[in-house]
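Report on one structure; see the data block that follows.
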Amino acid sequence: MEGSTGEENRSGTNDELTTPKMASERYNPQAAEPRWQAAWSEAGIFRTSNDDPRPRYYVLEMFPYPSGRIHIGHVRNYAMGDVVARFMRAKGYNVLHPMGWDAFGLPAENAAIANQVHPRAWTYDNIATMRGQLQTMGLSLDWSREFATCDEDYYAQQQRLFLDLLGADLAYRKSSKVNWDPVDQTVLANEQVIDGRGWRSGAEVEQRELTQWFFRITAYSDDLLTALETLDRWPAKVRLMQHNWIGRSDGLRIRFALVEPAPSGSDELEVYSTRHDTLFGASFMAVSPDHTLATELAEANSNLAAFIAECRRAGTSAATIETAEKKGFDTGLRVHHPFQDGKQLPVFVANFVLMDYGTGAIFGCPGHDQRDLDFARQYDLPVVPVVLPPDTVEADFAIAGEAYLGEGRMINSAFLNGLTIAEAKETVAQRLEQATMSQAPQGVRQTNYRLRDWGISRQRYWGCPIPVIHCKSDGVVPVPVGDLPVRLPDDVELGRPGNPLDHHPTWKHVACPKCGKPAVRETDTMDTFVDSSWYFARFTAPGASTPTEPETANAWLPVDQYIGGIEHAILHLLYSRFFIRAMRATGHLDVSEPFAGLFTQGMVVHETYRRDDSSWASPAEIRVEEQAGDRRAVEIDTGNEVEIGAVEKMSKSRRNTVDPTDIMDSYGADTARLFMLSDSPPDRDVIWTEDGVAGAHRFVQRIWRMVEEWTVLRADPAPPPDKSASSHTLRKSAHHTLAAVEEGFGSLRFNVAVAKIYELANAIGNGLAERPQDDRSRAAIEEAIGLMIEMMAPVMPHLAEACWRRLGHDDLVATRPWPTVDHSLLVEDTLTLPVQINGKKRGELTIAADASQVEVETAALELDIVRRMLDGQPPKKVVVVPKRIVNVVF
RNA sequence: GCCCCUGUGGCGGAAUUGGUAGACGCGGCAGACUCAAAAUCUGUUGCCUUCACGGGCGUGCUGGUUCGAGUCCGGCCAGGGGCACCA
């Protein structure tokens with residue numbers, strides 16, 4: 001990298017005639033940015049060695065899905081991560097900052113069908129495009145570690161992990177209910193079912209019982225829950241969401257004796273309850289339509305069978321459930337109440353009881369559960385209140401339309417009467433634990449979780465094949481590790497419904513590894529969330545011939561700072577926490593959590609524009625005019641006014657997207673990065689506005705102009721009269737700023753750090769305006785400009801390099817250590833304290849910083865305004881908070 | 001329905017964590033430079049009142065704690081998010 005010309009834009013013939021001396025040429029990011037990117041790349045400074053002795057720091061942004069183009073959200077995400085990476089590198093850490101591609105998934109198959117391209121070609125083409133776009137951002141990434149999850153090498157290791165999980169009983173096959181799209185002949189994830197219909201086919205989704213692969217995430221329910229407390233650098237919100245998702249509840253499993261035995265001969269019905277205190281309020285029992293008792297009774301009862309079939313037909317979508325009435329079918333069976341001799345409760349099959357929670361059966365207490373109450377009203381069952389709210393007279397208390405869920409004392413409950421809910425629960429639990437029924441306790445305390453095992457089977461082509469073989473005689477046989485990877489076939493027919501791997505003519509037919517007889521491969525592929533559950537570990541040793549190099553993974557993990565969208569609060573972040581545990585159990589690493597620090601960034605949102613015909617116009621198609629505070633938007637082509645609508649998340653359907661490459665083409669990457677990081681706190685949504693981008697760009701140009709001006713000024717041999725007296729002040733602001741920016745970057749408060757840099761720029765601008773000529777002032781400005789450049793480098797790395805070079809340095813800012821704060825400059829020798837009278841600010845007091853409290857108090861009472869307001873009377877009290885404030889009370 | 005978060009100028013937001021509310025930016029207004037425009041620079045910009053000095057009000061509303069509250073506590077209102085037949 002030689003010389004300094006080329007950063008300036010010398011376009012226009014006039015420039016050559018004017019004197020170049022004071023005419024500040026505009027900074028030209030289009031010329032400068034690629035050049036500095038090349039310089040960094042040549043110097044290899046972002047390549048991370050695993051053997052570097054410095055302390056390690058791993059910063060990672062959620063890797064992108066290669067959809068085709070980067071969008072503005074990526075720019076925000078990666079700009080934040082890059083500030084952290086560059087800052088921590090300057091602070092002396094060996095920083096790992098890698099990038100890869102979450103490359104399997106259904107969009108590639110859809111694109112393949114629509115455009116007659118192979119999913120692989122489509123995906124890798126997109127990766128190439130997006131890699132190029134990311135590189136124009138000037139991110140300090142170690143590209144040597146790049147991989148895509150659809151790389152054979154990556155999914156081979158993932159298959160190996162699967163086999164290890166299978167061996168550790170953390171992967172298993174079971175039959176379960178899934179969303180089945182009868183037209184596309186595939187399983188759909190819950191998110192892909194919209195209003196009960198398949199998102200692509202529009203067909204009504206059925207609940208179908210299918211044999212699927214699962215990961216046993218529930219083996220870690222308790223650990224996943226309790227370890228949330230250790231994640232003190234995660235947003236409380238995300239921890240709370242995971243807490244609720246895992247959903248621990250402590251209750252009692254209770255066995256009720258059947259009055260007459262079930263068809264199977266069983267003489268009991270087991271339920272689960274967290275409100276066993278309300279046992280005396282029970283008025284019915286209800287089992288799920290999928291409960292074995294329901295199934296066996298239905299064999300001899302066609303009405304019941306019809307009822308069960310009806311329940312199954314009803315969808316499970318949120319909308320369906322919300323409107324669904326509570327329905328039941330009286331089986332005619334009865335149970336004995338455990339505490340009330342002679343009391344019998346009817347057993348219903350009810351549509352609102354879930355099979356996969358607790359035991360699939362409940363006792364209904366209408367007084368204190370809304371669903372039970374709705375049900376009881378429907379079928380005229382008794383409603384007995386057993387919890388009396390505080391300060392309520394029993395005679396006045398009745399349950400009408402709403403169940404009572406609050407605190408209180410027990411009534412109508414024999415030996416429980418007068419107890420609190422907690423006491424009653426304990427008493428009931430103890431009694432039922434001691435009661436014996438068929439030689440076992442009638443009640444057992446049990447902790448339940450809402451969390452379900454993770455179904456990972458997908459009937460799709462573009463994913464990681466599940467490496468097992470089904471053999472008629474040997475059952476499920478794992479593919480031997482030596483035979484991995486199970487490769488995806490290239491020739492695949494995607495147009496027709498169903499699983500492409502299943503109807504491939506030859507792919508699935510193999511010999512059983514055990515007996516050698518003909519067998520078939522598993523044709524399901526893995527959920528793409530599996531791919532993203534361990535990629536951060538792979539980055540630590542991306543070329544390893546095993547999934548990880550355990551020592552290397554242990555040295556780098558957990559990720560020190562992970563940054564991404566809140567939409568993954570549960571899915572990806574919970575799956576990754578499971579995977580770390582599973583990989584630990586199978587010896588691939590030995591850490592307890594994947595991400596020590598998590599930051600969830602806000603979205604980028606934009607105004608919407610709507611034409612008269614209610615079609616949407618994109619920001620590129622309109623021009624916003626502003627007159628006397630009124631804003632109106634006009635379509636450029638037609639001149640028609642369009643309506644300015646709400647600020648919303650950028651989406652294709654609203655057409656309110658902006659293409660980051662357009663911004664970078666016209667303003668440069670530094671402007672885009674600066675705009676993304678200034679103004680809005682990073683965890684909140686940022687509104688994309690033309691004015692905001694232009695403002696950021698103005699700052700970029702202003703910095704460059706300042707540096708230009710300074711290089712001229714400091715070389716000026718004919719000094720104008722020196723008026724500067726502020727060198728000390730400038731040095732102080734520079735070091736104050738440094739301390740604040742350091743704090744801001746360290747705590748990811750980029751907007752505050754940027755504001756502090758602006759303040760310093762203003763101070764330097766004032767300094768330049770004074771045309772400083774004495775050595776001290778010149779040195780102060782030289783120092784302040786240098787510090788400013790080093791501080792802004794994490795945000796605007798290209799501009800920083802250009803300025804640094806312009807000032808005559810020949811090293812790269814990217815390789816410089818973070819400057820050290822001179823703390824002696826942060827100490828003030830005099831302070832200006834606000835003086836309050838009766839809590840209202842009335843004046844100021846300037847006094848030596850080391851003045852004693854008495855001196856401050858005395859000086860405050862001497863102030864004109866204080867004397868005037870006291871008017872001779874003595875103050876009741878004078879509060880002096882050192883270095884903060886004085887408050888005179890009278 | 002349950003749980004959680006957030007309410008500060010025209011706008012995005014800052015506020016040393018209980019101590020000068022409105023840093024910084026955007027927008028507005030006025031001015032300089034220019035034949036003119038763009039670019040740039042300077043000043044100004046919470047609201048009310050006053051010729052001015054000054055004074056009053058002000059962080060969603062309301063009550064409280066405190067010498068002092070944007071910050072802490074209670075009640076309400078509004079907006080946003082998560083979960084949702086989980087017994």
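Keep in mind that this is a model prediction, so the values were computed, not measured. Labels below follow one simple rule: chain letters A, B, ... track the order of the sequence lines, proteins then strands, and each chain is numbered from 1.
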*asked:* A/Ser221: which residues meet the side chain to side chain donor-acceptor pair (under 3.5 Å) condition with it, sequence neighbours left out?
replied: none

*Integer angstrom distance from the C1' of B/G9 to that of B/C29*: 16 Å

_Mate of B/C2 where both pairing distances stay under 3.5 Å, Watson-Crick or G-U_ = B/G82

*Using the side-chain contact (heavy atoms from CB on, under 4.5 Å) rule, pick out the option among A/Met80, A/Arg749, A/Gln601 that qualifies with A/Pro682.*
A/Met80

*With no hydrogens and no angle check, do the side chains of A/Ser249 and A/Asn448 hold a donor and an acceptor under 3.5 Å apart?*
no

*Do the side chain of A/Gln446 and the main chain of A/Leu252 share a donor and acceptor less than 3.5 angstrom apart?*
no

_Without decimals, in angstroms, what is the distance between A/Ile703 CD1 and B/U40 P?_
14 Å

*Ignoring the backbone of A/Arg842, work out which of B/C24, B/G56, B/A87 is nearest its side chain.*
B/G56

*Answer syn or anti for B/G9, where the cut-off is 90° from 0 on the glycosidic torsion.*
syn

*Among B/A87, B/U40, B/G82, find the nucleotide with the atom closest to the side chain of A/Met241.*
B/G82

*B/C57 pairs with, by Watson-Crick or G-U criteria that keep both distances under 3.5 Å*: B/G46

*asked:* Whole angstroms only, please: what is the CD1-P distance between A/Ile246 and B/C83?
replied: 14 Å

_Separation between the C1' atoms of B/G18 and B/C67, rounded to whole Å_ = 12 Å

*Taking atom C1' in both B/A38 and B/G46, what distance in whole Å separates the two?*
32 Å

_With no hydrogens and no angle check, just 3.5 Å: does a side-chain donor-acceptor pair link A/Asp374 and A/Gln378?_
no

_Gap in Å between the two C1' atoms, one belonging to B/G80 and one to B/A30, rounded_ = 40 Å

*Do A/Arg673 side-chain atoms and A/Pro794 backbone N/O form a donor-acceptor pair below 3.5 Å?*
yes

*State which of B/G27, B/G56, B/C83 makes the closest approach to the side chain of A/Arg698.*
B/G27

*Between A/Phe348 and A/Phe375, does the ring centroid distance fall short of 6.0 Å?*
yes

*Checking A/Asp453 side chain against A/Ile217 main chain: does a donor-acceptor pair fall under 3.5 Å?*
yes

*If you pin A/Arg452 and A/Thr832 to their nearest nucleotides in RNA chain B, which one's is more 5'?*
A/Thr832

*Counting distance only, does the side-chain N/O of A/Tyr404 pair as donor-acceptor with the main-chain N or O of A/Glu407 below 3.5 Å?*
yes

*Would you say the side chains of A/Arg702 and A/Asn762 form a donor-acceptor pair under 3.5 Å?*
yes

*Is B/U17 in the syn range, within 90° of 0, or in the anti range?*
syn

*When the distance from CZ of A/Arg275 to P of B/C85 is rounded to whole Å, what number comes out?*
19 Å

*OP1 or OP2 of B/A87 sitting under 4.0 Å from any side-chain N/O of A/Tyr357?*
yes

*Between P of B/A84 and CG of A/Leu354, the distance in whole Å*: 11 Å

_Interatomic distance at C1', B/U20 relative to B/U71, whole Å_ = 15 Å

*Backbone N or O of A/His606 within a donor-acceptor pair of the A/Asn656 side chain at under 3.5 Å?*
yes

_Taking 4.0 Å as the cut-off, does a side-chain nitrogen or oxygen of A/Arg705 come that near to OP1 or OP2 on B/C41?_
yes

*In the structure shown, which nucleotide is the Watson-Crick or G-U wobble counterpart of B/G12, with both distances under 3.5 Å?*
B/C24

*When the C1' atoms of B/G22 and B/G13 are considered, how many whole Å apart are they?*
9 Å

*Touch class at under 4.0 angstrom, heavy-atom based, for A/Gln701 against every strand present*: nothing

*Would you indicate what A/Val353 reaches in the nucleic acid, counting non-hydrogen atoms under 4.0 angstrom: base, sugar-phosphate, or nothing?*
base

*asked:* Under 4.0 Å, counting only non-hydrogen atoms across every strand here, what does A/Ser273 touch: a base, just sugar-phosphate, or nothing?
replied: sugar-phosphate

_Please compare A/Lys840 and A/Gly692 by the position of their nearest nucleotide in RNA chain B and report the one closer to 5'._
A/Gly692

*Can you tell me the distance, in whole Å, between the NE2 atom of A/His606 and the P atom of B/C26?*
18 Å

*Choose from B/A84, B/C85, B/G55 the nucleotide whose nearest atom is closest to any side-chain atom of A/Arg450.*
B/A84

*Starting at the 5' end of nucleotides 2-17 of chain B, put B wherever the base has a protein heavy atom under 4.0 Å, S where only the sugar-phosphate does, and a dash everywhere else.*
--S-------BSSSB-

*B/C41 pairs with which nucleotide, Watson-Crick or G-U wobble, both distances below 3.5 Å?*
B/G31

*Salt bridge between A/Asp369 and A/Arg275, side-chain N to carboxylate O under 4.0 Å?*
no

*Looking only at side-chain atoms of A/Phe352, point me to the closest of B/A23, B/C83, B/C85.*
B/C85

*Could you tell me which nucleotide pairs with B/C72 by Watson-Crick or G-U wobble geometry, both distances under 3.5 Å, or answer none if nothing does?*
B/G64

*Rounded to the Å, how far apart are A/Lys883 NZ and B/G18 P?*
20 Å

_Distance in angstrom units between A/Met791 CE and B/C24 P, rounded_ = 16 Å

*asked:* Base, sugar-phosphate or nothing for A/Tyr758? Non-hydrogen atoms, less than 4.0 Å.
replied: sugar-phosphate

Report all interatomic pairs (protein N or O, nucleotide N or O of nucleotides 67-76 of chain B) with separations under 3.5 Å.
unit_1 : atom_1 : unit_2   : atom_2 : d
B/C67  : O2'    : A/Asn887 : ND2    : 3.0
B/C67  : O2     : A/Asn887 : ND2    : 2.6

*In whole Å, what separates the C1' atom of B/C77 from that of B/U62?*
10 Å

*Nearest-angstrom distance from the residue atom OH of A/Tyr404 to C1' of B/A87*: 19 Å

_A/Thr447 side chain to A/Asp250 side chain, donor-acceptor N/O pair below 3.5 angstrom_ = yes

*Roughly how far apart, to the nearest Å, are B/G70 and B/G58 at atom P?*
10 Å

